[in-house]
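Here is the structure we will look at, set down as structure tokens.
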Amino acid sequence: MNTEDQRGGPAFGAASSPGNDRGPAFGAAPLLETRGISKQYPGVLALDRVDFDLKPGEVHILFGENGAGKSTLISILAGVQRPTQGEVRFRGEKIEHESVHQARELGISAVFQEFSLVPQMTVEENLFLGAEITRGGVLDKVALHRRAQEIIDRLGFPLRPGDRVQHLTRAEQQMVEIAKAFRSDLSVLILDEPTASLTDRETEQLFALIDQIKAEGVGVVYITHRMQEIRRIGDRITVLRDGRYVATLDAKTAGDEELVRLMTGRVISELFPSIRFEPGEERLRIDRLTTPKKTVVDASLTVRSGEIVGLAGLVGSGKSEIMRAAFGVDPVATGKVTLKGEDISGLSTRERMNRGLFYIPPDRREEGLIMMRSCRENMSLPSLDRAPFAKGGLLDRVGEARRAGELADRMNLQPRRIERAVDHFSGGNQQKVLLAKCLTRPVDVYVFDEPTVGVDVGTRAAIYAFIRDLCEAGAAVVLISSDLPEILHLTNRVYVFYRGRVMAEVHGEDITEENLLKHFFEREAA
Amino acid sequence: ADWFPYPVESWDPPFDMASPRTSVEYVPLDKASKPWELCVSFPHMKDAYWLGVDYGVSEEAKRLGVKMQLVEAGGYTELQKQVSQIEDCVAAGADAVIIGAISFDGLNNLVSEIRKKDIPVIDVINGMSSPELSAKSLVSFGEMGAKAGQFLAEAHPAGSETVKVGWFPGPAGAGWVEAGNTGFIGAVDGSAVEVVETKYGDTGKEAQSKLVEDTLEAHPDLDYIVGTAVTAEAAVPILRDRGLTDQVKVLSYYFTPGVDQGIRRGQILAAPTDSTVIQGRIAVDQAVRILEGKDYMKHVGPALYVVSQDTIKDFDPSSTLAPDGFKPVFRVE
Amino acid sequence: MASPETGTKADISAPKRDLAYWMKFLFIRLGVLPFLLVIAIVIFTMMSDNFLSARNLTNVVRQSVYLMIVSLGQMFALLTGGFDLSVGTILAITSVVGASVMAAVYATMPDAVVLAIAIGALAGIAAGVAVGVCNGIGVAVFGVSPFIMTLGMSSVGFGIALFLTGGVPVYGMPVEFGEFFGFGKLFGVPVPIYIAALLALVTFFFVNWTRQGRYFYAVGGNEKAARLSGINTRMTLFITYVLTALLAGIAGMLLTARLDTGEANIGASMPLESIAACVIAGVSLRGGVGRVENVVLGALFIVLVQNGMNLARIESYLQMVVLGALLILAVIADQIRLRYLAGSQD
Amino acid sequence: MASPETGTKADISAPKRDLAYWMKFLFIRLGVLPFLLVIAIVIFTMMSDNFLSARNLTNVVRQSVYLMIVSLGQMFALLTGGFDLSVGTILAITSVVGASVMAAVYATMPDAVVLAIAIGALAGIAAGVAVGVCNGIGVAVFGVSPFIMTLGMSSVGFGIALFLTGGVPVYGMPVEFGEFFGFGKLFGVPVPIYIAALLALVTFFFVNWTRQGRYFYAVGGNEKAARLSGINTRMTLFITYVLTALLAGIAGMLLTARLDTGEANIGASMPLESIAACVIAGVSLRGGVGRVENVVLGALFIVLVQNGMNLARIESYLQMVVLGALLILAVIADQIRLRYLAGSQD
Ligand SMILES: Nc1ncnc2c1ncn2[C@@H]1O[C@H](COP(=O)(O)OP(=O)(O)OP(=O)(O)O)[C@@H](O)[C@H]1O
Ligand SMILES: Nc1ncnc2c1ncn2[C@@H]1O[C@H](COP(=O)(O)OP(=O)(O)OP(=O)(O)O)[C@@H](O)[C@H]1O
Ligand SMILES: [Mg+2]
Ligand SMILES: [Mg+2]
């Protein structure tokens with residue numbers, strides 16, 4: 001295979017080999033195409049004879065339910081996995097992707113769903129991992145630093161090259177991941193849900209950049225579950241279902257309903273449910289809480305039963321930290337947390353749980369799930385002290401399996417195999433397992449931190465319905481989210497955080513995009 | 001009661017175990033003229049054998065009125081540590097060094113380094129090959145093995161009914177073990193003794209127990225178990241348990257309190273003794289004599305003899321064993 | 001961990017159930033150890049006439065008791081993602097303290113044999129557990145890495161054990177102690193085997209049927225997730241090291257009974273051997289994965305191979321080579337199994 | 001590796017820079033080892049007149065050379081998230097093979113001293129590297145856990161070393177070998193120190209200034225991420241174990257020169273001691289974290305403490321207790337530093 005001449009060429013989608021006759025589209029020849037790709041995982045056929053093509057200068061959206069095989073497809077394109085069957089062509093040439101390394105040589109670069117960052121290394125070191133600039137075999141650290149800064153500046157991300165990745169927030173890590181994919185000799189950029197934990201500002205920057213490289217002839221494969229993003233940047237959409245190719249549509253003309261129907265095989269009436277709020281007695285109260293690292297400063301809030309309180313703010317504004325501190329997993333410097341009238345400030349996490357507070361963390365892999373254990377064990381973990389998981393001080397393994405099965409049904413786990421290690425599920429399904437954890441015990445105040453990260457539209461609707469049910473059943477719900485529509489549609493009260501402080505509390509009708517955003521940004525001078 | 005005069009053998013020319021030897025009575029000095037600082041290095045201080053040597057050197061140092069510092073490397077695999085420890089000892093200002101060596105050759109360089117500083121080096125118990133040593137106070141472990149072998153060979157001379165022996169020399173690779181092995185195998189050669197099994201193993205009692213058990217399984221018709229003192233001690237309860245006490249006899253090829261007790265109780269047949277305590281005492285005396293420029297014997301060692309159930313009544317354990325309740329002494333002021 | 005359905009489903013989809021199929025099925029289900037054990041037994045039976053006798057096999061099981069109990073303890077440390085390198089020292093210190101106390105009590109009250117044994121054994125185990133408590137505090141409270149904590153404690157403990165005895169065995173325990181716990185038999189089966197079986201059962205039950213048992217896996221699998229699920233991870237870590245020490249301490253007392261003396265020089269090879277037994281039994285060094293039954297087999301396998309080689313008269317140097325190679329092969333075979341397993345997973 | 005701004009920023013925000021401030025600053029910046037070294041030196045100087053002499057300190061550095069070189073190798077294994085428990089055996093096998101070959105060549109060509117030394121040393125190191133190659137293949141290709149792979153190889157290798165020599169030391173090497181590489185001095189500084197310094201510099205450069213160096217951190221930090229970034233993780237793992245063996249092999253030859261004989265019985269305590277040296281130097285057992293300069297200090301610290309205790313005439317059993325306790329304390333101190341560090345983080 002002659003990769004050499006490929007590499008020499010410009011990054012533009014210039015005319016390639018003439019033998020390329022089977023291109024499904026009439027315009028430019030495809031940059032990257034797959035023919036009859038199948039991928040058999042042990043026990044699962046993740047892709048079933050999928051054809052796909054990417055033209056230079058287009059943004060091609062991959063759309064499908066959780067577990068449809070989107071990530072698997074792009075992992076084959078990026079050289080991480082090899083297909084069981086079928087072939088991949090790059091500029092008309094059949095390529096046998098031996099490795100990621102080779103894919104990168106061809107200018108194919110990917111942002112994966114699960115981060116591929118080395119936490120102990122700095123941003124700068126991560127950006128060039130595997131592609132370090134050397135001079136005479138010696139790392140050219142000056143050039144590396146300069147180039148890192150250039151990339152970051154170009155993307156406009158608030159990152160510092162010298163920071164260690166493990167100290168960054170999930171959102172910041174996502175930015176590093178994106179920055180890592182932008183290289184000078186790019187020909188194909190693959191983005192797997194890159195905006196899942198970004199706020200609008202960063203998302204907008206990313207899109208501007210995508211527009212820019214599109215103009216340079218780079219082909220972009222983009223996976224997302226957010227409809228508005230499809231509208232914003234997509235050119236064509238390919239829908240996958242159960243590992244099979246369903247259709248390819250023009251993004252400008254395809255309607256939401258049609259997409260969802262193609263994707264799920266059924267119709268989803270509305271994404272956001274209408275919720276009946278009946279605020280009752282005060283359940284949770286946080287008074288003037290400050291954390292030792294000043295990620296939260298003097299913040300107060302209250303949550304009542306029968307309502308959904310949104311916490312919004314930029315990345316790093318402290319909206320997560322305040323609830324983590326309230327849950328007892330992060331330290332508190334000063335302040336008081338009251339649950340149902342009782343001061344719980346000094347209690348352990350377990351005690352707070354027993355009194356009815358429950359926090360679902362945003363990063364399922366890092367702190368949500370035990371990846372190598374089964375779904376059943378993950379679901380039941382918080383509640384092993386009570387029925388149906390325990391009987392007479394011992395585990396009730398029969399009851400546990402039954403209950404876990406019910407929860408899997410309720411969350412629509414795909415595939416419904418509760419004994420399988422969580423690791424082997426698609427991202428969205430892992431999220432379902434995480435959410436199921438809070439249904440194992442009685443809870444008065446639910447705290448969801450980015451509950452729909454990487455979840456498909458159908459499931460998202462189900463999760464929203466689920467949150468609505470909780471609320472209407474009289475629970476108090478706190479929803480921490482960087483997805484503004486989520487906040488706008490689901491909450492009846494919103495606290496906006498800025499630099500660890502509560503900048504505003506917005507009620508009912510006042511919850512509009514404009515109203516919230518106005519508090520997101522600096523207003524300190526005032 | 002004083003330990004001397006003590007019957008010893010002296011080799012001349014020295015440092016060659018094959019030299020002709022003469023029997024002499026060893027008489028040490030009464031007192032040292034000044035409190036010399038001696039450094040004593042042992043392979044380890046984890047068993048009763050070296051405790052006996054420790055008893056010897058520390059008592060003698062007290063008797064002579066010299067200071068002594070004892071270091072131990074922690075095991076026979078710690079040659080490098082022993083080298084470092086001796087270097088440290090010398091750096092700390094030792095006037096003479098007494099070494100129970102881990103390796104026969106591995107300390108030669110070190111010995112010549114020390115000798116260059118005109119510090120006497122005395123070889124105790126284990127033996128070293130360096131020609132630059134000032135003196136040796138030891139008997140060869142090869143002879144200990146040979147003594148045990150001879151005891152068997154005499155009981156079962158060629159022509160008599162063959163007896164089967166399981167032989168457990170100790171940890172593979174340790175210098176004293178290889179020497180003991182050579183001595184023992186050489187001594188039983190040509191007799192009616194057949195060594196059916198040679199099993200190396202750590203001198204931990206649990207490891208030796210396992211080896212003994214497995215050997216008994218492999219050879220239900222075994223007649224003798226011969227090995228380290230730990231082997232002998234470990235074998236006693238196992239034989240009792242299997243009802244083999246009368247069939248299988250136990251020998252050790254060196255002497256420890258456990259062996260002493262075993263022989264007294266009739267559980268162990270016999271063991272040669274190298275008068276460990278005396279070797280330690282003589283080494284200290286040699287060191288002081290050299291330091292004071294007095295006459296000294298370059299190469300001496302107590303005469304070996306086998307202690308058996310018959311002779312144990314007349315055996316004075318204080319030449320070989322530390323007394324009951326003796327705690328290791330690392331420093332004599 | 002595979003759900004029972006696997007079998008059923010596989011049965012339906014593969015109607016031809018020939019020997020190879022069943023072998024593979026068993027291999028995937030049971031792991032590589034039963035096969036290795038069978039292979040080892042066949043080979044050694046061919047190599048030595050005395051190997052396959054009831055007496056020798058009893059002998060093997062009895063010999064493996066000590067390693068087995070220690071490995072059960074080690075498993076807890078490994079499950080939570082740590083190690084315990086101090087199990088050898090715990091054995092030594094238990095033996096020395098237990099024997100000394102027992103001898104002392106027996107000397108003052110020569111009639112109260114049972115009392116002397118009880119007090120001595122408790123004192124010994126308590127001394128071992130004390131080491132575990134230190135380990136637990138270091139790891140759980142101060143966050144010292146288990147490697148250094150237990151390595152450091154093993155040095156400290158060994159120093160103390162030697163200081164107490166000067167390396168001389170401790171004599172003077174009542175003979176009944178050794179006769180019952182070391183060499184005793186009930187219905188033809190050695191007493192130590194009963195004790196090991198009991199401990200294995202209790203451990204199995206504890207790990208699989210109690211909340212705390214589940215928490216070991218959770219803490220080892222993802223400590224943060226465990227904390228966010230309301231688990232007291234520090235307490236779990238602390239319990240881990242105490243349990244490891246407790247089991248090592250019991251093994252220490254049993255070994256003392258067998259050896260009939262209190263010894264400071266035992267257990268030196270235990271830390272690595274027990275970890276090896278666990279790892280070939282499929283316990284992950286990264287934490288979160290491991291099963292009690294397999295650990296029992298792992299310990300048995302190591303001792304069986306040693307015994308077999310001794311009986312087959314393989315010379316000592318070669319034994320080291322064979323044992324090392326076997327360990328590696330066992331793990332490679334397990335790797336292959338894991339690949340199959342991923343394939344057939346429900 | 002904290003960004004240079006940290007310092008500057010701290011300076012501005014803390015105008016009162018008193019001694020305590022500077023101490024804390026240095027503590028956070030340099031780690032706990034320099035402090036421990038200084039404290040140890042002060043204490044031992046008070047306890048022994050002979051400690052703080054140029055001669056003794058040279059002595060300490062020379063003694064630490066072997067552990068230092070092995071620890072540098074061990075660092076690679078730890079960086080990639082593994083271990084190498086076979087470094088002790090590599091030392092032994094290098095020593096035995098190197099000495100045998102050297103003696104043989106020397107015997108046939110008594111005049112070609114330099115040639116004999118070169119061939120012997122190369123042969124020895126090659127034998128050690130061969131063990132490393134096996135480790136590398138096992139870990140990288142077959143995916144065997146480094147623990148079992150290197151433990152197994154250490155048993156295999158030791159068996160072979162004993163088999164080759166029958167447990168008897170190998171002699172007959174040219175005296176020049178020992179005289180130069182063991183005891184030689186250049187400008188008053190022992191030759192082994194030069195070699196260790198050179199190796200440390202090369203390692204430092206390799207780890208910090210080459211791509212491959214960075215890949216060790218990447219593979220240890222997050223193997224999947226490394227693979228997704230196009231790094232050949234298997235090759236990196238393979239190189240890791242070869243390098244570890246290479247360094248252990250060099251240490252083995254230097255030690256052989258020092259001892260003047262080939263010995264199968266050396267290095268038994270090396271695996272744990274070298275890991276301990278790395279861990280107190282802040283190398284993480286989970287991989288991805290560690291610095292060459294600190295590892296050098298870590299090895300030096302361990303040897304210095306042993307030397308100091310010998311000079312201060314601390315008795316042997318107590319030394320074990322002190323050493324164990326010090327290891328633990330060093331790590332606790334480092335934990336405290338990490339907390340400060342997190343607190344003062346950018
Ligand atoms: N390592 C694996 N082992 C076994 N099966 C896997 C593995 N990874 C993915 N699968 C399975 O392959 C299928 C496709 O998964 P994939 O991750 O491609 O889905 P996806 O479309 O990216 O979903 P999501 O939107 O949730 O990220 C799923 O059924 C999943 O369970
Ligand atoms: N592990 C950590 N170490 C150091 N600093 C941290 C760590 N985690 C978070 N921070 C810092 O704490 C601050 C707030 O964190 P975080 O970004 O989670 O808040 P947030 O408002 O919930 O944002 P997000 O939108 O990401 O949820 C940030 O400035 C971040 O840099
Ligand atoms: Mg996906
Ligand atoms: Mg957050």
Exercise. Please flag which part of D/Glu315 lies under 4.5 Å from any non-hydrogen atom of chain C: side chain, backbone, both or neither.
Key: side chain

Heavy atoms only: give me the nearest [X]-[Y] pair and the separation to one decimal.
X: D/Phe83; Y: C/Phe83; answer: CZ-CZ, 3.2 Å
X: D/Phe158; Y: C/Met320; answer: CD2-SD, 3.6 Å
X: D/Met153; Y: C/Ile328; answer: N-CD1, 3.9 Å
X: C/Ser145; Y: D/Val279; answer: OG-CG1, 4.1 Å

Could you tell me which portion of [X] (side chain, backbone, both or neither) has an atom closer than 4.5 angstrom to a non-hydrogen atom of chain D?
X: C/Ile275; value: both
X: C/Leu272; value: both
X: C/Leu151; value: side chain

Exercise. Go through D/Leu162, D/Ile336, D/Leu323 and name the one with the most non-hydrogen pairs under 4.5 angstrom from chain C.
Key: D/Leu162

Self-check item: Options D/Val156, D/Ile160, D/Val322, ranked by heavy-atom pairs under 4.5 Å with chain C, top entry
Solution: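 Heavy-atom pair counts peak at D/Val156.
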
Roughly how far apart are [X] [atom1] and [Y] [atom2], rounded to 0.5 Å?
X: C/Ile332; Y: D/Ile148; atom1: CD1; atom2: CD1; answer: 11.5 Å
X: C/Tyr317; Y: D/Thr165; atom1: OH; atom2: OG1; answer: 6.5 Å
X: D/Cys278; Y: C/Phe147; atom1: SG; atom2: CZ; answer: 9.5 Å

Practice problem: Return yes if some donor-acceptor pair links the side-chain N/O of C/Ser155 with the main-chain N/O of D/Val321 below 3.5 Å, else return no. | Solution: no

Practice problem: Give a yes or no on this: more than 12 heavy atoms of other residues, nucleotides or ligands lie within 6.0 Å of atom CZ of C/Phe163. | Solution: no

Self-check item: Most contacts with chain D, counted as non-hydrogen pairs under 4.5 angstrom, among C/Leu318, C/Asp334, C/Leu85, C/Val144
Solution: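 Counting heavy-atom pairs under 4.5 Å, the top option is C/Val144.
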
